[in-house]
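Notes for the one structure printed next.
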There are 2 protein chains.
Amino acid sequence: MENKKQVLAESVFFKGLPEPLLHQLAQIAQEKKFRRGEMIFLEGTACSGFYIVAQGQVKLYKMALDGREQILYVLEAGEPFGIVPVFHGHSFPASASSLTAVTALFLPKKEFIALLAAHPELALAVMAAMARRMRRFAAKIESLSLKDVPARLTAHLLYLARKQGGTSQITLDIPKKQLANLLGTSAETLSRIFNDMSAAGLIRVEGRRIALLDHTAFQGGTIMERGTVTQKRSG
Amino acid sequence: MENKKQVLAESVFFKGLPEPLLHQLAQIAQEKKFRRGEMIFLEGTACSGFYIVAQGQVKLYKMALDGREQILYVLEAGEPFGIVPVFHGHSFPASASSLTAVTALFLPKKEFIALLAAHPELALAVMAAMARRMRRFAAKIESLSLKDVPARLTAHLLYLARKQGGTSQITLDIPKKQLANLLGTSAETLSRIFNDMSAAGLIRVEGRRIALLDHTAFQGGTIMERGTVTQKRSG
DNA sequence: TCCAATTCTTGAGCTATGTCAAGGAATGGC
DNA sequence: GCCATTCCTTGACATAGCTCAAGAATTGGA
């Protein structure tokens, strides 16, 4: 109970809300556990509530009939998922599964909406979180349509660098195959582009550890647009 | 005034809200007019409120440095835009401009948030609209990443058919160049794919009027996945 | 410590789609 | 009804990135 409240208090959704409200939220929240690689929900399935990640990583993704997959978002502790059908429609717009062992809090739709209606500050927090998610989605659309793969990767590396405290020594937080699915490319192409960027002296890759070398090129955004890194294929 | 209220009453955001609330909303709404092709706001610009389309069409889009453009959404009468920065951050995540002459209502952020806090039903309506938008964005990401251009076009034609009352005689509501930008392709490629689909007996194209011929192929979703229509280029 | 499984890399070849360039059609304002 | 725009099409060509296939490297379990 206390530890549910703790999780809620630190989540993006509920950060900064008054203690009594957090208490009420903790009362309706149910803890759920998932093993690594487990399906949490499937696109198109009916929804009776949403989740907040307490521990571990969850991927939100769309899958094609032939098995290709596009990750929309990788969620970490404190982030909500499955909110769309709470407010519109009945089914999940995407699938979710765990990338690691996961603990999540489940908040049933009905009880949550009752709380929402009674607490405007809660509603505003939810809207802010949804707006943030929309920014991310808009950026992803832009990225898929207007940037080539090197530019998408560069943007992602910069994002990680910021998230990991502005260091130039970053660590990929997901396997490269998953990163490829997140960037909308294949593992093979991603691997080749790591090579190209290494050969160009921009980065050094050692497993999941990546050093950003040419700081000016990164900071200046030189590689942010199309075609800059591109050169003959490594080999 | 009355006519502002009318627009609000019929909008996606505010449909079904009680009369007195609509009246209050109409009081804070300011009418703005734009000529065809005018910029309404630019990505990255600070925002002091959001808009609702009263008449005409607005495109929400991202633009690359080299001028290529990806349309996120085409908005018509009743649809809100520019809401993201009302709830998160300060700047618009995308640009907006008019595809036709446009009349819009502008709702200042501060006054709107005051109303929101006082009216939970308004907040729920806003969240529903945002959730709907997120579904669309998720579908667009899926489409760009997992579908080829013929499949994207097919999905769009089906969407138009539904929107235009389930008929198989549909009319494109935007120029083909804009449609290309909406589907994440070039005008040239779009043109060629119209040819291929015509040659395959799936559609007949006459300017902006399109007849869906092979109903089973469309309904069954045969062309929804990759590669089905693809064949040698027309020529 | 070794095996099994997963994850990653590399090679080779193909194709969907982009770009450039130019001509033709349609549209709207006056 | 005509001109000026805008819009659309077609051809020729280039290429980014995908797929298939196989081998290498890493990881974790027992």
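Residue numbering restarts at 1 for every chain, and letters A, B, ... go by the order of the sequence lines. Quick note: numbers below take in every heavy atom, side chains included, and nothing from hydrogens, waters or symmetry partners.
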Is the phosphate of [N], meaning OP1 or OP2, less than 4.0 Å from a side-chain N or O of [X]?
{"X": "A:Lys176", "N": "C:dT9", "result": "yes"}
{"X": "B:Ser186", "N": "C:dG18", "result": "yes"}
{"X": "A:Asn195", "N": "C:dT10", "result": "yes"}
{"X": "A:Thr189", "N": "D:dC18", "result": "yes"}
{"X": "A:Ser191", "N": "C:dT9", "result": "yes"}

Output, in order, the C-alpha distance, side-chain angles, deciding distance and verdict of salt bridge (charged side-chain N to carboxylate O under 4.0 Å, His left out) for B:Lys62 and B:Glu43.
CA-CA 8 Å; B:Lys62 292 268 196 176; B:Glu43 173 177 357; 3.2 Å; yes
Donor/acceptor link under 3.5 angstrom from B:Glu188 side chain onto base of C:dC20
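A donor-acceptor contact between them is present.
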Is a donor-acceptor contact shorter than 3.5 angstrom present between the side chain of B:Arg192 and the base of D:dG11?
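Under the 3.5 Å cut-off, the side chain and the base do form a donor-acceptor pair.
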Quick one: which of [options] gets closest to the side chain of [X]?
{"X": "A:Arg36", "options": "C:dT6, C:dT9, C:dT17", "value": "C:dT6"}
{"X": "B:Asp148", "options": "C:dT7, D:dT10, C:dA16", "value": "C:dA16"}
{"X": "A:Pro175", "options": "C:dT19, C:dT7, C:dG18", "value": "C:dT7"}

Roughly how far, to the nearest 0.5 Å, is the CD1 atom of A:Ile141 from the CZ atom of A:Arg136?
13.5 Å
How many Å lie between [atom1] on [X] and [atom2] on [N], as a whole number?
{"X": "A:Asn181", "N": "C:dC8", "atom1": "CG", "atom2": "P", "answer": "11 Å"}
{"X": "A:Leu190", "N": "D:dT19", "atom1": "CG", "atom2": "C1'", "answer": "16 Å"}
{"X": "A:Ile174", "N": "C:dC8", "atom1": "CD1", "atom2": "C1'", "answer": "15 Å"}
{"X": "A:Phe194", "N": "D:dA25", "atom1": "CZ", "atom2": "P", "answer": "19 Å"}
{"X": "A:Arg208", "N": "D:dT26", "atom1": "CZ", "atom2": "P", "answer": "13 Å"}
{"X": "A:Lys177", "N": "D:dC18", "atom1": "NZ", "atom2": "P", "answer": "10 Å"}
{"X": "B:Leu179", "N": "D:dT9", "atom1": "CG", "atom2": "P", "answer": "11 Å"}
{"X": "B:Leu172", "N": "D:dC7", "atom1": "CG", "atom2": "C1'", "answer": "13 Å"}

Please determine if B:Arg152 and B:Glu142 form a salt bridge, counting it only when a charged side-chain N lies under 4.0 Å from a carboxylate O.
no
NZ/NE/NH1/NH2 to OD/OE distance under 4.0 Å, A:Arg208 and A:Asp173
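No, no charged N to carboxylate O under 4.0 Å.
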Regarding B:Arg209 and B:Thr171, is there a side-chain donor-to-acceptor distance under 3.5 Å anywhere?
yes
By the 4.0 Å heavy-atom rule, please label B:Gly37 as base, sugar-phosphate, or nothing.
nothing
